[in-house]
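Note sheet for the following structure.
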Amino acid sequence: MGDFAKQVYFLVRKIPSGKVVTYGQIAKKLGRPKAARAVGNILHQNNSSQIPCHRVVNKEGKLAVNYRFGGWRCQREKLVNEGIKFKDEKGVEFDSILKTSEVE
DNA sequence: AAAGTGACGCATT
DNA sequence: TAATGCGCCACTT
């Protein structure tokens, strides 16, 4: 596992329940603003349920269609259980997205 | 070492 | 508003 991947997991672990963060925010926070796509790849490889990767969405607040564990429905269900509200089928409300400045 | 992959994002239509 | 096109980049082969 690469260094970058470790940093990604470190950050994802810190996302509080009831909030979500975007791929781009994570990339930016790690000093690689253009690596959003790579972040997605890394999470896709992840198998550990120790990491709350369901709390990561894209810039529009939408769920990843190819979510690893059981697809986006499963991801949606987890988020709903954590109190996240959806504006439509796959899109979370914008105010549930953590501000970049608040990402640890 | 080089090429292929894709949970992205921005600009352009 | 939605749909492409394309650059990007860590990983894997």
Side-chain angles (χ1 to χ4, degrees):
Chain A
M1 186 159 72
D3 234 40
F4 185 70
K6 289 180 187 171
Q7 298 180 70
V8 169
Y9 293 136
F10 181 77
L11 278 193
V12 171
R13 244 203 272 270
K14 302 180 103 170
I15 304 174
S17 175
K19 289 288 181 183
V20 299
V21 161
T22 72
Y23 302 97
Q25 285 176 320
I26 293 174
K28 184 182 277 185
K29 204 65 190 179
L30 295 180
R32 289 179 172 73
K34 300 176 196 167
R37 192 167 196 172
V39 171
N41 274 333
I42 287 167
L43 292 184
H44 187 70
Q45 306 241 326
N46 171 47
N47 267 336
S48 170
S49 49
Q50 307 297 109
I51 297 167
C53 54
H54 58 280
R55 296 183 190 144
V56 186
V57 300
N58 70 20
K59 183 116 192 204
E60 301 169 2
K62 299 255 182 102
L63 306 183
V65 193
N66 292 344
Y67 181 71
R68 184 77 184 261
F69 313 103
W72 62 269
R73 289 172 188 290
C74 184
Q75 181 180 13
R76 180 187 168 112
E77 191 179 339
K78 287 181 182 174
L79 290 175
V80 169
N81 286 339
E82 296 181 351
I84 300 277
K85 292 182 181 172
F86 283 72
K87 61 186 182 194
D88 58 48
E89 208 177 36
K90 298 185 193 153
V92 306
E93 293 283 355
F94 280 111
D95 59 14
S96 56
I97 302 178
L98 219 52
K99 294 191 167 95
T100 304
S101 60
E102 299 170 330
V103 178
E104 303 180 49

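Residue numbering restarts at 1 for every chain, and letters A, B, ... go by the order of the sequence lines.
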| Per A:Phe4 side chain, nearest of listed nucleotides B:dA7, C:dA10, B:dG9 | C:dA10
| So, do A:Leu79 and A:His54 sit near enough that their side-chain heavy atoms are less than 4.5 Å apart? | yes
| task | Indicate, with a heavy-atom threshold strictly under 4.0 Å, whether A:Ala5 touches base, sugar-phosphate, or nothing. | result | sugar-phosphate
| task | Check the distance between B:dC10's C1' and A:Lys28's NZ and give it to me in whole angstrom. | result | 12 Å
| message | Both A:Asn58 and A:Asn41 contact DNA chain B. Taking the nearest nucleotide for each, which residue is further toward the 5' end? | response | A:Asn41
| note | When rounded to whole Å, the CD1 to P distance for the pair A:Ile42 and B:dC8 reads 13 Å
| message | For a quick test of reading the model: is some side-chain N or O of A:Gln45 closer than 4.0 Å to OP1 or OP2 of C:dT12? | response | yes
| said: Assess the residue pair A:Arg68 and A:Asn46 against the criterion (side-chain contact (heavy atoms from CB on, under 4.5 Å)); give the C-alpha distance rounded to whole Å, side-chain angles, the decisive distance to 0.1 Å, and a yes or no. | reply: CA-CA 8 Å; A:Arg68 184 77 184 261; A:Asn46 171 47; over 6 Å; no
| said: Closer than 4.0 angstrom, basic N to acidic O: yes or no for A:Glu82 and A:Arg55? | reply: yes
| said: Rounding to an integer number of Å, can you tell me how far A:Lys78 NZ sits from B:dA7 C1'? | reply: 13 Å
| said: Could you tell me how far apart A:Lys34 (NZ) and B:dC8 (P) are, to the nearest whole angstrom? | reply: 19 Å
| note | Against the side chain of A:Tyr67, the closest entry in C:dC9, B:dA7, B:dG9 is B:dA7
| remark: Quick note, A:Thr22 side chain, CB onward, closest among B:dA7, B:dG9, C:dA10 is B:dG9
| field | Interatomic distance, A:Ile51 CD1 vs B:dA7 P [rounded to whole Å] | value | 18 Å
| A:Arg37 side chain N/O closer than 4.0 Å to the phosphate oxygens (OP1, OP2) of B:dG9? | no
| message | Are the side chains of A:Lys62 and A:Trp72 in contact, using a 4.5 Å heavy-atom criterion? | response | no
| Please give, in whole Å, the distance from C:dT1 C1' to A:Lys87 NZ? | 13 Å
| said: Measure CD1/A:Ile26 against P/C:dA10 and give the value in whole Å, please. | reply: 15 Å
| field | A:Ala36 side-chain proximity, nearest of C:dC11, B:dA7, B:dG9 | value | B:dG9
| A:Phe94 side chain reached by A:Lys87 side chain, heavy atoms, under 4.5 Å | yes
| note | Here the distance between atom C1' of B:dG9 and atom NZ of A:Lys62, to the nearest Å, is 14 Å
